[in-house]
J.: 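I have a structure here, written as structure tokens, and I will follow up with some questions on it.
On a predicted model such as this, the values are computed, not experimentally measured, just so you know.
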2 protein chains.
Amino acid sequence: MDPLHPNPLILKLEQFTKLSPEDKHALNLAACEGVRQIGARADIIREGDRPQSLNLILSGWACRYKHLEDGRRQIISFFLPGDLCDSHVFILRQMDHSIGSLTPVTFAQIPRRRVDEITLKHPRITQAFWWDTLVNAAIQREWVVSLGQRDALERMAHLMCEIFLRLQAVGQTDGHSCDLPLTQAGLADAMGLSVVHVNRTLQELRSSGLIVLKGRTLTIPDLSALQDAAQFNPNYLHLDAEGRHFDANE
Amino acid sequence: MDPLHPNPLILKLEQFTKLSPEDKHALNLAACEGVRQIGARADIIREGDRPQSLNLILSGWACRYKHLEDGRRQIISFFLPGDLCDSHVFILRQMDHSIGSLTPVTFAQIPRRRVDEITLKHPRITQAFWWDTLVNAAIQREWVVSLGQRDALERMAHLMCEIFLRLQAVGQTDGHSCDLPLTQAGLADAMGLSVVHVNRTLQELRSSGLIVLKGRTLTIPDLSALQDAAQFNPNYLHLDAEGRHFDANE
DNA sequence: CGGTCCCTTGACAGCCGTCAACTACCGTGG
DNA sequence: CCACGGTAGTTGACGGCTGTCAAGGGACCG
């Protein structure tokens, strides 16, 4: 019944508002449904496919991406544990982008019917899903700002700050460290940079002491210094329990 | 009762699904509420403000934007007539970006209560609002692709295609032409380019015959040629009546 | 008619991409 | 045990797309 201790979706939504035991129970049930496991570099759904269900990432990293005809590739966003791949995506007739795994991923395929049922019975979850949608939109906007205005160093630093805070929200950080299972090629596709320049930028961040990156572990010795280097303002993540007026009274 | 003939929001939502007379009536009523007019280059809401209502653009152009501390500015998206500024934005405690007018703008400030009421009584509208949210997210993603992968020429061409089709969806095109009330500085802030380079790029598009841009009128003699130049695929706009299974039977 | 906004043009510089080669690491298999 | 191949990371040289700086022109307005 409660296979995930704790369920990262619940952890994330509780950044917005406290859920009731019934709310959590419903979410846990949903997260047990249609659980799938795939290896790294596999597609969860492809551009052109018809979305049938809501995908919830339970463990591992995935990403949205899009290919251009000539082979260029842009990673559009990252999915971390607890992330929903668009709570109402099945409203659309076909996917306009693909979602693929970066690491081995465990995810739940929640049928549309179940989503409708949950949102109908649990208004607090409905609110929380809207919050999640709005935060994802805000993250996407911030990527636009990064790609449009920030240079390579700021861009990379900004991404590190974002990932660290998002992982922290679902309990996946360890002190000043977190997992970063991305190759430099992955970072390049996400940041609109070449692999070579990602490499140079990482070395600059390392040599200035702003990050320590060994293997797939990222350490940020001084988060506020990194934030300064990136002109990072965490407000767009809306992690301040903004829905607390909506808290369940337990 | 029906001050806008036709209401651009209804035109847009009917790209997704046919609305019933009652649906349309409810939307028209909402669009009459709290109507405001502002001049060009004024803010509708600012970063840090608390969102209280849903803003609906009735006429004119607006944009989301964000300033960095050192003065850089990124336009994150454009609002055209019929666009909603996030149907549920009031769930958030504070704005993480600003929304400002580019031209004189008429917009409706629809109180949160009214939005809740409409979505409760009109499930078809609720679906259509979700569709609108998903399409806006898709547009935002496409901007990430443009900023990350496309060079200046493709980027500009892509934007022209997008704007033309979006305006067409709300009946604001005239043959191969549409309004484009943006200065080159505005285009620069949106595309992450300098004003000088925007100028050069526009001239290249003009001299290759892909666009005609005089004053604030954009003409696209051959849309498919422009689409080819931009590697533009309209699928992300989801304008193919994807919600037709949900149509009201009139 | 001076001022402002917007557009335009040329010269030059720099950030970042491309190309190419090299190293390190790891799992496989002879 | 070591050869081998593939992936990931690293480095240097070079070039180009795009930014910056600067100046000038046209349109509109008080």
J.: Taking for each residue the nucleotide of DNA chain C bearing the nearest heavy atom, is the 5' side occupied by B:R41 or by B:R200?
T.: B:R41
J.: Just so I know, are the side chains of B:N55 and B:I99 near enough to count as touching, which here means a heavy-atom distance under 4.5 Å?
T.: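 Result no, sub-4.5 Å side-chain heavy-atom pair not found.
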J.: What are the two closest non-hydrogen atoms of B:I57 and B:A62, and how far apart are they?
T.: CD1-CB, 4.2 Å
J.: So, B:S146 and B:R155: side-chain donor and acceptor under 3.5 Å apart, yes or no?
T.: no
J.: Nearest heavy-atom pair of B:H97 and B:Y65: which atoms, and what distance?
T.: CB-O, 3.6 Å
J.: Looking at every strand, decide which applies to B:R206 at a 4.0 Å heavy-atom threshold: base, sugar-phosphate, or nothing.
T.: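 Sugar-phosphate, no base atom in range.
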J.: Looking only at heavy atoms, what is the nearest atom pair of A:T133 and A:S87, with distance?
T.: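 Reported closest heavy-atom pair: OG1-OG, 3.8 Å.
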J.: Which pair of non-hydrogen atoms, one from A:W61 and one from A:D179, has the smallest distance, and what is that distance?
T.: CZ2-O, 3.6 Å
J.: Under 4.5 Å between any side-chain heavy atoms of B:I44 and B:Q109, yes or no?
T.: no
J.: Go through DNA chain D in 5' to 3' direction and return only the first and the last nucleotide with some atom under 4.0 Å of chain A's heavy atoms.
T.: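 The contacted stretch runs from D:dA8 to D:dA13.
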J.: List the steps and the verdict of side chain to side chain contact (heavy atoms under 4.5 Å, CB included) for A:L165 and A:L223.
T.: CA-CA 10 Å; A:L165 291 181; A:L223 182 57; 4.1 Å; yes
J.: Give me the atom names and distance for the closest heavy-atom approach of B:M156 to B:M191.
T.: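 Looks like N-CE, 3.7 Å.
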J.: Could you tell me whether A:R216 contacts a base, only the sugar-phosphate backbone, or nothing, with contacts defined as non-hydrogen atoms closer than 4.0 Å?
T.: nothing
J.: Can you find a pair of side-chain heavy atoms, one from B:L226 and one from B:L205, that are under 4.5 Å apart?
T.: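 B:L226 reaches B:L205 side chain to side chain.
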J.: Quick one: label B:R155 by what it contacts on the DNA or RNA (base, sugar-phosphate, nothing), any heavy atom closer than 4.0 Å.
T.: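 It contacts nothing in the nucleic acid.
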J.: NA contact type, B:R72, heavy-atom cut-off 4.0 Å: base, sugar-phosphate, or nothing?
T.: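 Counting heavy atoms under 4.0 Å across all strands, no contact is made by B:R72.
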J.: Which residues within residues 183-197 of chain B lie with some heavy atom under 4.0 Å of an atom in DNA chain D?
T.: B:G192, B:L193, B:S194, B:V196, B:H197
J.: Which nucleotide of DNA chain C is the first, and which the last, in the 5' to 3' direction, to come under 4.0 Å of a heavy atom belonging to chain B?
T.: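 Range of nucleotides touched by chain B: C:dC6 to C:dA11.
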J.: Regarding A:Q140 and B:W143, do their side chains bring together a donor and an acceptor under 3.5 Å, going by distance alone?
T.: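 B:W143 and A:Q140 do not have a side-chain donor-acceptor pair below 3.5 Å.
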